[in-house]
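Letters A, B, ... are given to chains in the order of the sequence lines, protein chains preceding strands, and every chain is numbered from 1.
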Amino acid sequence: MRILSLVWKEFIQLRRNILLSFFILLIPMFEFALMSRVTGSEIKDITVAVLDLDRSKASRELIRVVDETRRLKVAFYPRSQTELEELISRGEATIGLIIPQGFSSELSQIYAILDGSFSTPASLGLSGLYEAIEAFSNKKLREAGVEAKSKVNLETRILFNPTYDVRHFTLPAMVGFIVYQITIAIASLSLVRERELGTIEQLLVSPLRREEIILGKGLVAFLAGFVNFWLILLLATKIYHVPFRGSILLLGAITALFLVVESGWGLALSTLARNPQQAILFVFIQVMVDVAFSGFIVPVKNLPAHLRFIAFFVPLQHYLFIIRSIMLKGASFFDLLPRIGVLLLLGAFMLITASLNLRRSLE
Amino acid sequence: MLAISLKELKHITRDIRTILLVIISPPFLLVIMSSIFGLEVKSINYGVMDLDRTELSRRFVQKISAVRGYQYRGEVGSYQGAYELLRKGSLDLVLVIGPGFSSRIERGEEATIQALVDGMDPIEAIGTFYDLQGIVKAYEEGLSSESASAFKPLQLLYRARYNPGLDSTTSLIPGLMAIVLTLPAMALALSLSKEWETGTFEALAASPLKGLEYLFGKLLAYLAVGLVSAFITLGVAVVWFKVPFKGSLADFLLFCLDFFLASMGVGLFIGQSVKSQQSTMFLTLLYFIVPSFFIAGLVLPLSIKEGAQLELLASYALCTTHFIKACRGIMLKGLGITQMADSALALAAIGLISIGIGFASFRKRIG
């Protein structure tokens with residue numbers, strides 16, 4: 001009960017700082033909306049500059065096919081190669097296409113110059129070019145009356161996400177990432193802030209035991225994360241229509257476990273820092289490292305063995321796997337048993353280290 | 001004023017942890033992020049349900065194992081088993097070759113191969129789909145000795161300027177540099193709101209001019225720390241990750257100054273208008289980190305995305321948008337500050353406006 005009054009004290013303080021409580025609720029929503037808008041949108045209009053040296057019917061036809069290709073847009077017609085290179089150097093065109101003289105009589109080669117300094121649009125544009133060339137060649141083959149007959153028919157079934165919706169993959173991870181961020185940020189600031197303001201002594205001389213102070217502080221971070229979890233989950237499933245195929249109880253329970261681990265870890269970071277400025281910088285670094293290893297940017301299985309080994313110790317990585325599997329695949333408790341076990345072990349380890357560290361720093 | 005920035009520099013250096021954090025963490029984060037991006041190797045775990053068990057079906061399976069990144073994880077007994085393994089995430093792909101596969105091919109009829117793909121990660125699933133199409137095509141060509149047609153296919157010869165291998169790390173690292181170098185500005189914002197929180201600024205209230213000088217001195221101190229960090233980060237990128245540096249160091253220095261002016265201006269503005277450190281933390285996160293990864297043009301330019309005009313507009317207000325472009329331009333393309341005047345001016349505008357408002361409101365509060 002005494003712990004509850006400590007938690008209550010925190011909420012009273014939060015109410016007084018309206019701006020802060022606004023941020024705690026607003027920022028997750030904002031991040032989430034931004035992420036879903038940006039990941040959901042289709043890629044179009046990778047700019048192509050065409051230098052047509054042939055000026056024939058065939059070359060104009062090729063240009064039209066390129067322009068009609070999904071993702072590509074012919075935006076410039078430079079008059080010389082220098083002008084074309086200039087467009088690429090300024091970053092206005094991603095691809096420069098050169099159709100050589102004699103193209104219509106030989107139909108053999110065309111040349112492309114790509115802006116390699118920005119590799120993702122360049123690679124996407126290159127695959128678009130190949131697509132265009134294939135379409136052009138097929139058209140020519142059809143006109144010549146040659147028909148290619150396939151021998152093997154590939155029948156592909158995409159399970160769990162048949163529409164290839166990138167949002168369905170990204171948004172569950174985003175839910176996990178946001179609640180993680182809020183929890184660790186609040187936990188890591190809690191103790192160091194009281195110390196800087198000199199109020200920690202007041203807490204220490206109060207009848208509260210050391211464990212109770214730690215528990216109360218951890219509980220506040222946990223609650224902030226848990227409330228945000230349900231809000232954002234609601235946003236994801238109701239507004240952005242991410243499917244939820246598994247058990248909500250299972251996900252709720254694992255989320256609670258995960259948040260206990262992270263608030264414990266946040267408290268431990270809080271004892272490493274001497275002032276809130278340091279604590280916050282620690283959190284920034286911790287968050288970036290965790291995100292790097294979480295599978296959010298690069299799938300963990302695609303990492304080399306030594307980095308995979310590090311990723312094993314990142315709780316966020318296991319949690320993101322779990323939330324995606326439950327939401328998209330309807331994974332059961334037994335499917336996820338190994339991951340839950342790892343989370344429990346990491347949690348026990350972190351909580352023990354954190355509480356030893358904390359007790360010492362509170363003495 | 002110089003005395004004040006020296007004092008502030010002393011203040012940060014006295015606390016070795018803070019200076020380590022501000023100087024060392026940008027290069028450290030760059031190493032972590034770049035290793036993650038740079039060392040990625042595709043890995044697709046697949047199983048096979050071969051109900052045909054003939055020479056021809058085995059040959060197809062062999063074709064797959066030869067593709068880079070595809071790892072054979074054994075036979076799968078049934079559709080039920082395949083579904084379970086895909087759901088658990090132990091397999092990414094199961095290929096089903098039905099009975100009668102080879103006899104159909106021998107009769108010259110079209111045979112079917114079924115691929116069950118875990119679509120949870122749609123980007124990977126699409127990649128797998130294209131890989132399989134390529135494998136099938138190569139397999140078909142291997143089946144018939146006669147060439148498909150006498151038609152000569154159109155050939156594309158390409159050359160990627162600035163980055164011949166179209167290597168994504170080379171292109172990402174300059175962008176990541178811009179993002180990790182926002183850290184000094186965030187530290188400045190935090191240190192300002194700390195002074196408000198603990199009330200040291202009110203102590204300066206005696207003379208408003210002194211207060212402004214103090215603010216300016218603080219800015220200079222963090223600028224110095226930021227520059228040191230920027231050059232260490234550049235060193236890591238060029239020496240460790242072998243990213244080419246085609247531009248001039250003078251241009252890099254100028255752009256760094258411009259960028260720190262802008263980012264620290266915004267940091268000053270935030271730290272100045274929000275009193276508590278916690279709120280400052282959330283605001284700096286909101287301005288510097290989160291949008292930088294999504295809308296500042298790190299991986300894709302926003303201009304090629306459908307319906308992202310709003311984000312595109314917002315991205316111009318981010319320091320990172322302009323600095324990412326500038327770092328790429330200087331390092332990979334060898335452009336100078338005059339060729340990227342738009343980015344330089346945008347940064348200067350962000351910096352002057354935010355510093356102006358920050359100083360004005362500081363004066364009002366102290367005076």
- Query: Between B:Ile44, B:Thr169, B:Ile289, B:Leu283, which residue shows the highest count of heavy-atom pairs closer than 4.5 Å to chain A?
  - Reply: B:Leu283

- Task: Count the heavy-atom pairs under 4.5 Å between each of B:Gln277, B:Met120, B:Lys88 and chain A, then report the option with the highest count.
- Result: B:Met120

Region of [X] in contact with chain A, defined by heavy-atom distances below 4.5 Å:
X	answer
B:Val299	both
B:Pro164	neither
B:Leu298	backbone
B:Phe28	side chain
B:Gln133	both
B:Leu116	both
B:Met186	side chain
B:Ile295	side chain
B:Leu335	side chain
B:Ile135	neither
B:Leu157	both

Interface moiety of [X] toward chain B, non-hydrogen atoms closer than 4.5 Å:
X	result
A:Arg90	backbone
A:Leu307	side chain
A:Ile88	both
A:Leu189	side chain
A:Ile98	neither

- Measure from the ring center of B:Tyr83 to the ring center of A:Phe160 and say whether it is less than 6.0 Å. yes

- B:Asp92 with A:Lys301: basic N within carboxylate O range, under 4.0 Å: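 Salt bridge: yes.
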
- Item | Pairing of B:Arg87 and A:Asp335 as salt bridge, 4.0 angstrom limit |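 Here B:Arg87 pairs with A:Asp335 in a salt bridge, since their nearest N and O are under 4.0 Å apart.
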
- Message: Is it true that, when you exclude A:Arg157 itself, more than 12 heavy atoms of the residues, nucleotides or ligands shown sit nearer than 6.0 Å to its CZ?
- Response: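 No, because the 6.0 Å sphere around CZ of A:Arg157 holds 12 heavy atoms or fewer from other groups.
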
Rounded distance (nearest 0.5 Å) linking atom [atom1] of [X] with atom [atom2] of [Y]:
X	Y	atom1	atom2	result
A:Phe118	B:Leu300	CZ	CG	6.5 Å
A:Ser188	B:Met281	OG	CE	6.5 Å
B:Leu172	A:Thr120	CG	OG1	6.0 Å
A:Ile280	B:Phe282	CD1	CZ	9.0 Å
B:Ile179	A:Met288	CD1	CE	7.0 Å
A:Thr156	B:Tyr130	OG1	OH	11.5 Å

Quick one: does any side-chain atom of [X] pair with a main-chain N or O of [Y] as donor and acceptor, under 3.5 Å?
X	Y	result
B:Ser168	A:Ser119	no
A:Asn302	B:Ser43	yes
A:Gln109	B:Leu156	no

- Flag side-chain contact, heavy atom, 4.5 Å: B:Val117 against A:Leu159: no

- Could you check if a side-chain atom of B:Gln155 sits within less than 4.5 angstrom of a side-chain atom of A:Ile110, using non-hydrogen atoms only? no

Nearest atoms (heavy-atom pairs only) where [X] meets [Y]:
X	Y	result
B:Ser171	A:Ser117	OG-O, 3.0 Å
A:Gln277	B:Ala187	NE2-O, 3.0 Å
A:Pro299	B:Asp121	CG-OD2, 4.0 Å

- When the ring planes of A:Tyr130 and B:Tyr158 are compared, do they come out parallel, tilted or perpendicular, using 30° and 60° as the limits?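 The arrangement is perpendicular - the two ring planes meet at more than 60°.
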
- Qualifying residue for side-chain contact (heavy atoms from CB on, under 4.5 Å) with A:Ile285, from B:Ile32, B:Leu29, B:Val180: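 So, applying the side-chain contact (heavy atoms from CB on, under 4.5 Å) to A:Ile285 and each of B:Ile32, B:Leu29, B:Val180, only B:Leu29 qualifies.
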
- Message: Applying the salt bridge (charged side-chain N to carboxylate O under 4.0 Å, His left out) criterion to A:Asp115, which one of B:Arg159, B:Arg161, B:Lys333 satisfies it?
- Response: B:Lys333

- Task: May I ask you to name which of A:Pro276, A:Pro172, A:Ala331 has the most heavy-atom pairs under 4.5 Å with chain B?
- Result: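 Of A:Pro276, A:Pro172, A:Ala331, A:Pro276 has the most heavy-atom pairs under 4.5 Å with chain B.
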
- Among A:Ser127, A:Gly116, A:Ala279, single out the residue with the greatest number of heavy-atom pairs under 4.5 Å to chain B.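 Heavy-atom pairs under 4.5 Å are most numerous for A:Gly116.
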
- Task: Evaluate the salt bridge (Lys or Arg N to Asp or Glu O under 4.0 Å) criterion for residues B:Lys137 and A:Glu134: first the C-alpha distance (whole Å), next the side-chain angles of each, then the deciding distance (0.1 Å), finally the verdict.
- Result: CA-CA 14 Å; B:Lys137 216 168 175 181; A:Glu134 172 127 18; 3.8 Å; yes

